Amino acid sequence: MIALLIRELRLALRSGGGAGLGLGFFLIVVMLVPFGVGPNQQTLGLIAPGILWIGALLASLLSLDRLFQTDSEDGTLDILALSPMPLEQLVAVKAFAHWLTTGLPLVIMAPVLGLTLNLPESAYIWLIASLAAGTPALSFIGAAGAAITVGVKRGGLLLSLLVLPLYIPTLIFGAKATSLAADGLDPMPAFTLMAGLTLFTIALTPFAAAKALRTHLT
Amino acid sequence: MSLKLTSLSCLRGGRTIFNDISLEISPGEAVLLRGPNGAGKSTLLRVIAGLIPAANGKITLNDTPFTHRDDFQSQLTYAGHLDAIKPQLTVAENLHFWAQLFNAENLTQTMDDFRLTEIADRPAHACSAGQKRRLGLARIAVTSRPLWLLDEPTVSLDTETTARFSATIDAHCAAGGMAFIATHIDLGLTAPRTFEMQAHKPSDSAPEHDPFLKGDWT
């Protein structure tokens with residue numbers, strides 16, 4: 001299990017287009033917003049939580065389509081299926097590695113970008129907390145989507161169509177928790193709902209993804 | 001301890017790939033699977049590995065029926081046309097990963113056997129086709145499982161390595177293992193048996209069950 005995690009991290013860091021690309025994308029999308037919306041600080045502060053969350057969501061989507069596809073193309077998936085490790089565990093480890101390489105850098109970078117969008121001071125802690133608790137759900141839901149589209153050549157777009165609607169609940173409550181904190185209100189109700197959603201996703205999606213992978217293999 | 005196929009058949013997309021194959025491999029035996037291109041050799045090996053479902057028939061390995069997927073698959077190892085190698089990782093990292101996943105121990109010995117020690121630190125994308133193949137076959141050797149399913153194992157190997165690999169198969173069989181090898185060349189094994197696929201290739205496509213397509217409705 002550790003071996004698989006280390007391998008996944010190595011692969012993500014060595015092949016360009018892994019960790020760095022998602023982060024760069026996040027940076028640019030968020031930086032583009034002030035150019036489109038205008039430099040009015042009040043407007044920017046108002047939309048900052050939503051923009052940061054949507055940016056994080058799109059950035060984590062970028063590297064998802066390669067999650068199982070490369071393994072399927074070079075025959076690794078066949079051998080992994082024959083290994084003593086259950087496919088459910090394989091999916092969970094891969095999704096966790098995906099979060100470590102795309103979700104975690106976003107969590108770390110988000111406060112800096114919040115500054116450029118004039119995010120109110122009271123919201124920073126909750127921006128970090130909500131992204132930290134919410135982005136794992138994005139990776140795990142994405143893993144299920146990636147497993148379903150693994151047999152589709154150039155399935156990246158199809159994957160986005162499948163997965164983005166499922167991101168909506170996390171987006172709603174994650175952005176809500178941040179904006180509640182920005183308004184000086186109690187963000188806990190939205191935050192706990194989102195955290196619960198993440199736990200639910202982590203518990204369930206490995207099974208769905210493993211089922212999809214088995215169907216693809218046979 | 002033996003592999004037993006009983007009237008095995010396989011359908012893919014409404015076409016019979018092979019029909020009514022019965023075969024028994026006893027311990028210590030290496031069986032060469034021969035037949036022209038498209039006879040279904042690769043499909044047969046994948047069916048035995050559990051990567052393609054059989055339409056009919058039974059497979060038992062050491063009295064474990066193939067419906068007990070995990071127990072069945074934990075006794076075999078499979079090498080297909082693809083080497084399951086990650087180009088970004090070095091030769092040693094690739095092999096280490098598989099060894100850890102399959103709980104293997106005799107890693108250094110295998111690296112020597114397949115002359116991988118001298119290229120251990122080379123990234124796999126810089127290896128030649130033959131070197132990649134050697135790495136792919138080394139994975140078979142480290143997993144130490146009784147049944148080896150090999151699909152054209154000697155493609156792009158030089159004569160010396162082919163001889164070394166044949167010796168490895170012989171040693172595996174001498175230790176009570178089994179090998180089922182699809183190949184077109186003479187491997188130089190000590191006592192191989194040959195199984196011809198040609199006879200099982202049906203001349204026409206599978207019987208059509210749809211009355212509309214068959215034309216019965218007119």
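Computed over heavy atoms, backbone and side chain alike; hydrogens, waters and symmetry mates excluded. Just so we're clear, the structure is a prediction, and the values are computed from it rather than from any experiment. Chain letters run A, B, ... following the sequence lines, proteins first, then strands; residues in each count from 1.
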Give me the atom names and distance for the closest heavy-atom approach of A81(A) to Q73(B).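 Reported closest heavy-atom pair: O-OE1, 3.6 Å.
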At their closest point, which heavy atom of Q100(B) faces which heavy atom of A3(A), and how far apart are they?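 Shortest heavy-atom separation between Q100(B) and A3(A) comes out as OE1-CB, 3.3 Å.
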side-chain hydrogen bond (donor to acceptor under 3.5 Å, both in side chains) involving S139(A) - partner list, sequence neighbours excluded: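 Result, side-chain hydrogen bond (donor to acceptor under 3.5 Å, both in side chains) vs S139(A): H98(A).
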From [X] atom [atom1] to [Y] atom [atom2], the distance as rounded to the nearest 0.5 Å:
X: F97(B); Y: L4(A); atom1: CZ; atom2: CG; result: 4.5 Å
X: D74(A); Y: K132(B); atom1: CG; atom2: NZ; result: 10.0 Å
X: M85(A); Y: F102(B); atom1: CE; atom2: CZ; result: 10.5 Å
X: W98(B); Y: L80(A); atom1: CH2; atom2: CG; result: 4.0 Å

Any residues in residues 84-94 of chain B near chain A, with a heavy-atom distance under 4.5 Å, and which are they?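 Within residues 84-94 of chain B, the residues that come under 4.5 Å of chain A (heavy atoms only) are A84(B), I85(B), K86(B), Q88(B), L89(B), T90(B), E93(B).
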Counting a contact as any heavy-atom pair under 4.5 Å apart, which residues of residues 111-121 of chain B contact chain A?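 None at all.
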Heavy-atom distance under 4.5 Å between the side chains of [X] and [Y], does that happen here?
X: L82(B); Y: T76(A); result: no
X: L76(B); Y: L82(A); result: yes
X: D78(A); Y: L51(B); result: yes

Determine whether more than 12 heavy atoms belonging to other residues, nucleotides or ligands lie under 6.0 Å from atom [atom1] of [X].
X: I125(A); atom1: CD1; value: no
X: H184(B); atom1: NE2; value: yes
X: H96(B); atom1: NE2; value: no

Between I2(A) and chain B, which part of the residue has a heavy atom less than 4.5 Å away: side chain, backbone, both or neither?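 Contact with chain B: none, neither part.
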Residues in salt bridge (Lys or Arg N to Asp or Glu O under 4.0 Å) with E73(A), at least two apart?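 In terms of salt bridge (Lys or Arg N to Asp or Glu O under 4.0 Å), with neighbours along the sequence ignored, E73(A) is linked to R66(A).
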